[in-house]
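To keep things clear, I will list the structure first and then write my remarks on it.
Predicted, not measured: the structure shown is a model, and the values here were computed from it. All values below were derived from every heavy atom in this structure, side-chain atoms included, with hydrogens, water molecules and symmetry-related copies excluded. As the structure lists them, so they are numbered: ligands from 1, and atoms in each ligand from 1.
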Amino acid sequence: MPGVTPTESDTYLCKSYRLPLEDEAYVVDFRPHANMDTTHHMLLFGCNSPASTDDYWDCGAGPCTDKSSIMYAWARNAPPTKLPKGVGFKVGGNSGIKYFVLQVHYGDAKAFQDNHKDCTGVTVQITPDRQPLIAGIYLSMSMDTVIPPGEKAVYSDIACVYEKPTMHPFAYRVHTHQLGQVVSGFRIRNGKWTLIGRQSPQLPQAFYPVEEPLEIRPGDIIATRCLFTGQGRTSNTYIGGTSSDEMCNLYIMYYMDAARASSYMTCVRTGDAKLFQDIPAIANIPVPV
Ligand code: IYT
Ligand code: CU
Ligand code: CU
């Protein structure tokens, strides 16, 4: 951030950086510079067209006008996940990424009562050297969830058949707003459900390591369930951008053989009720926070 002083709490500010070179390059490491007293969380996106060309701007509505992808997340009290050796995010060239956009969520504005200027950010290490493994993000998200008021447990189920080359998930991040209790992601192979990751969205929304590494092959199904509660609400809650709306997101960060890599994938398909009859019970148990 270029020395900013937020005046209101819960401000989202963005800053874009054009890549220093046109050619293909690889992001191999991130080093955060953030202070828990001022920054609630920060995300780094890659995209082709930032939402603004200003020095910095208020970006509650999103960082880019085209498809953006998360490459890095820092959240208060969560250990940041490192890229494994030999793994890089492809940027520049024909990757669809000309810009980095940093989004910082500033928490309590009281931290800025002294009017100091904030330079929260992340150092990105880039190399022109080809990496043997390419990092990417697989995003599962719901578009049609409705949470009735007062309802104790509401499920949002998402599932897609995976058709791309074999991927190796190594970290995951969950995202909902206030009503999310737990988000769980599974691989289904021959009817057998294997956990990729399960986390409370009320904990810091960082990338957490995949505890038991697994691979996802063409023909496997990636299935996600978000558990919500409608308790405390007096009307329906829908998917949307404000903090009184909801979202159901699971981001899987993976690496793939560079020769056949596919960097960004999205699954928005509502899961079949019959398929989800077999979901492990752990997906229905809120994570205590
Ligand atoms: C409607 C919804 O679920 N939006 C999510 C996921 C999302 C992320 C990106 C959707 C699109 C994107 O291009 I990147 I289309 C969402 O906005 N998630 C927020 C961030 O804004 C990234 C989050 O914190 O996960
Ligand atoms: Cu935040
Ligand atoms: Cu959201």
Side-chain angles (χ1 to χ4, degrees), residues 1 6 8-14 16 32 34-51 57-78 80 89 96-97 99-109 111 118 120 122 135-147 156-158 160 171-180 183 185 197 199-208 224-226 228 237-253 263-270 289:
M1 282 295 147
E8 280 167 61
S9 294
D10 287 317
T11 303
Y12 288 79
L13 296 181
C14 281
S16 73
N35 184 335
M36 298 213 290
D37 302 335
T38 54
T39 301
H40 182 264
H41 81 266
M42 72 173 163
L43 299 176
L44 185 72
F45 299 87
C47 67
N48 252 335
S49 87
W57 72 97
D58 189 316
C59 62
C64 300
T65 59
D66 63 333
K67 200 175 126 32
S68 50
S69 185
I70 293 191
M71 306 174 93
Y72 178 76
W74 179 92
R76 213 164 159 162
N77 303 325
F89 277 99
I97 297 181
Y99 289 86
F100 292 120
V101 180
L102 174 73
Q103 181 188 60
V104 179
H105 174 198
Y106 289 99
D108 194 343
D118 181 82
T120 293
V122 54
I137 299 281
Y138 185 101
L139 167 59
S140 295
M141 62 188 266
S142 167
M143 292 299 258
D144 62 0
T145 300
V146 182
I147 305 160
S156 173
D157 293 339
I158 310 160
C160 290
Y172 68 99
R173 172 178 180 267
V174 305
H175 172 71
T176 71
H177 302 170
Q178 289 136 13
L179 303 182
V183 180
Q199 189 56 279
S200 165
Q202 305 307 330
L203 291 174
Q205 293 181 2
F207 279 96
Y208 291 88
T224 302
R225 168 170 282 181
C226 296
F228 292 103
T237 303
Y238 301 95
I239 300 295
T242 76
S243 63
S244 52
D245 299 319
E246 271 305 332
M247 292 185 184
C248 169
N249 298 162
L250 173 71
Y251 298 86
I252 298 172
M253 192 180 283
S263 285
Y264 301 105
M265 300 177 258
T266 312
C267 168
V268 290
R269 181 158 308 161
T270 306
V289 290

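- Taking the N/O/S atoms of His41 in turn, the shortest distance to the Cu ion (ligand 2) belongs to ND1.
- Of the options Val104, Leu102, Val101, a side-chain contact (heavy atoms from CB on, under 4.5 Å) to Cys14 is made by Val101 and by none of the others.
- By the 30° and 60° cut-offs, the orientation of the rings of Tyr12 relative to His105 is parallel.
- Note on the Cu ion (ligand 3): protein N, O or S atoms under 2.8 Å away count 3, no waters included.
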Pairwise, report which nitrogen or oxygen atoms of ligand 1 are under 3.5 angstrom from protein nitrogen or oxygen atoms, and how far apart they are.
from	atom 1	to	atom 2	distance (Å)
ligand 1	3 (O)	Asn249	ND2	2.9
ligand 1	18 (N)	Asn249	OD1	3.1
ligand 1	18 (N)	Tyr251	OH	3.2
ligand 1	24 (O)	Arg173	NH2	3.0
ligand 1	24 (O)	His175	ND1	3.4
ligand 1	25 (O)	Arg173	NH1	2.9
ligand 1	25 (O)	Tyr251	OH	2.7

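- The closest approach of His105 to the Cu ion (ligand 2), by N/O/S atoms, is made by ND1.
- At distances below 3.5 Å, not a single donor-acceptor pair connects side-chain atoms of Thr120 with backbone N or O atoms of Ala34.
- A donor-acceptor pair is defined here as one N or O able to donate and one able to accept, closer than 3.5 Å; no such pair exists between the side chain of Thr39 and the backbone of His41.
- With a 4.5 Å cut-off on side-chain heavy atoms, Tyr264 and Ser68 do not count as touching.
- Although no hydrogens or angles enter the test, the distance criterion places a donor-acceptor pair under 3.5 Å between the side chain of Gln205 and the main chain of Thr176.
- The side-chain heavy atoms of Tyr251 and Tyr172, taken from C-beta on, include no pair separated by under 4.5 Å.
- His40 has its closest N, O or S atom to the Cu ion (ligand 2) at the position named ND1.
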Verify side chain to side chain donor-acceptor pair (under 3.5 Å) between Thr242 and Asp245, making sure each step is shown before the conclusion. CA-CA 5 Å; Thr242 76; Asp245 299 319; 3.0 Å; yes

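- Looking at Thr65, its side chain does come within 3.5 Å of a backbone N or O of Ser49 through a donor-acceptor pair.
- Between the side chains of Thr270 and Asp144, at least one donor N or O lies within less than 3.5 Å of an accepting N or O.
- The side-chain heavy atoms of Phe228 and Thr145, taken from C-beta on, include a pair separated by under 4.5 Å.
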